[in-house]
A.B. asks: 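First, the structure itself, so that you have it in front of you.
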Amino acid sequence: MSDCIFCKIIKGEIPSVKLYEDDDMVIIKDVAPQAPVHLLLLPKQHFANIMEMTDEQAQILGRCLKKLSALADGFGLEGGFRLVSNKGADACQSVEHLHIHILGGKKLADKMC
Ligand code: DGP
């Protein structure tokens, strides 16, 4: 999508710290980290959130999460991590391209909100 900031990051039109890339996704560092390790998993296909996800995109996302499980230790997440995907105004979603926050690198708060 031409005006989507994450599509531009995926295409390399906006710089980012890219830690991983394959045919399905990129994993980058979040520009405003909220934990010692704060990464974003960006599926390469543009869809705004899980409500807009097709069955095929759901399969791709499943592959991405499976791959993440193999990569996590290499990202400094040996102690565990939290996955968050904000959807809509109440969740304060600010970028309308589905993304999974990957948070860790310390003991996280035991309450989500
Ligand atoms: P959300 O609120 O779930 O839509 O989070 C969007 C996240 O994206 C937020 O943590 C900041 C991050 N972000 C926004 N713009 C950029 C950018 O240009 N580069 C990087 N690396 N992260 C960005």
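In listed order, ligands and their atoms are each counted from 1. Heavy atoms only: backbone and side chains are in, while hydrogens, waters and symmetry mates are out.
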A.B. asks: Please check whether S16 reaches ligand 1 - meaning an N/O of the residue sits under 3.5 Å from an N/O of the ligand, judged on distance alone.
C.D. replies: no
A.B. asks: Going from NE2 on H46 to SG on C4, what distance comes out if it is rounded to the nearest 0.5 angstrom?
C.D. replies: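 One finds 5.0 Å between NE2 of H46 and SG of C4.
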A.B. asks: Could you find the nearest protein heavy atom to atom 21 (N) of ligand 1 and give me its residue, atom name and distance?
C.D. replies: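 Checking every protein heavy atom, the shortest distance to atom 21 (N) of ligand 1 gives K29 O, 2.9 Å.
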A.B. asks: How far does SG of C64 sit from CG of D24, to the nearest 0.5 angstrom?
C.D. replies: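 C64 atom SG to D24 atom CG measures 4.5 Å (nearest 0.5 Å).
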A.B. asks: In the protein, which heavy atom is nearest to atom 4 (O) of ligand 1, and how far is it?
C.D. replies: S94 N, 2.7 Å
A.B. asks: From I10 CD1 over to I28 CD1, what is the distance, rounded to the nearest 0.5 angstrom?
C.D. replies: 8.0 Å
A.B. asks: State the CG-CG distance between L42 and L98, to the nearest 0.5 angstrom.
C.D. replies: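 If I round to the nearest 0.5 Å, the distance is 9.0 Å.
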A.B. asks: Would you mind finding which of K8, H99, E96 brings a heavy atom closest to atom 5 (O) of ligand 1?
C.D. replies: H99
A.B. asks: For atom 20 (C) of ligand 1, what's the nearest protein heavy-atom neighbour? Residue, atom name and distance, please.
C.D. replies: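 Scanning the protein heavy atoms, the shortest distance from atom 20 (C) of ligand 1 goes to V31 CB, 3.4 Å.
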A.B. asks: Can C92 be said to touch ligand 1, with heavy atoms closer than 4.0 Å?
C.D. replies: yes
A.B. asks: When you look at CG of D73, are more than 12 heavy atoms from neighbouring residues, nucleotides or ligands closer to it than 6.0 Å?
C.D. replies: yes
A.B. asks: For atom 8 (O) of ligand 1, grab the closest protein heavy atom and report residue, atom and distance to one decimal in Å.
C.D. replies: F6 CZ, 3.4 Å
A.B. asks: Membership question, hydrophobic clusters at under 4.5 Å side-chain separation (ILVMFWY): are L77 and I100 in the same one?
C.D. replies: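 In one cluster with I100: L77, yes.
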A.B. asks: Within this structure, what is the CG-CG distance for the pair L71 and L41, rounded to the nearest 0.5 Å?
C.D. replies: 9.0 Å
A.B. asks: What atoms of ligand 1 come closer than 4.0 angstrom to any heavy atom of I28?
C.D. replies: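 Counting from 1, the qualifying ligand atoms are 21 (N).
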A.B. asks: Please check whether H38 reaches ligand 1 - meaning an N/O of the residue sits under 3.5 Å from an N/O of the ligand, judged on distance alone.
C.D. replies: no
A.B. asks: If I apply the N/O under 3.5 Å rule, does Q34 come out as touching ligand 1?
C.D. replies: no
A.B. asks: Are V95 and M1 joined in one hydrophobic group, where the rule is that I, L, V, M, F, W and Y side chains link up if heavy atoms are under 4.5 Å apart?
C.D. replies: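 In one cluster with V95: M1, no.
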A.B. asks: Checking a contact table here: which protein heavy atom is nearest atom 15 (N) of ligand 1, and how many Å away?
C.D. replies: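 Going atom by atom, the protein heavy atom closest to atom 15 (N) of ligand 1 ends up being I5 CD1, 3.9 Å.
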A.B. asks: In ligand 1, which numbered atoms sit nearer than 4.0 Å to a non-hydrogen atom of H101?
C.D. replies: 1 (P), 3 (O), 5 (O), 7 (C), 10 (O)
A.B. asks: Tell me the nearest of I100, V95, V84, I9 to atom 19 (N) of ligand 1, using heavy-atom distances.
C.D. replies: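 Considering heavy atoms of I100, V95, V84, I9, the nearest to atom 19 (N) of ligand 1 sits in I9.
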A.B. asks: Can you confirm if the aromatic rings of H99 and F6 lie within a centre distance of less than 6.0 Å?
C.D. replies: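 When the ring centroids of F6 and H99 are compared, they turn out to be within the sub-6.0 Å range.
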A.B. asks: Please state which option from D30, N86, L40 has its nearest heavy atom closest to atom 3 (O) of ligand 1.
C.D. replies: N86
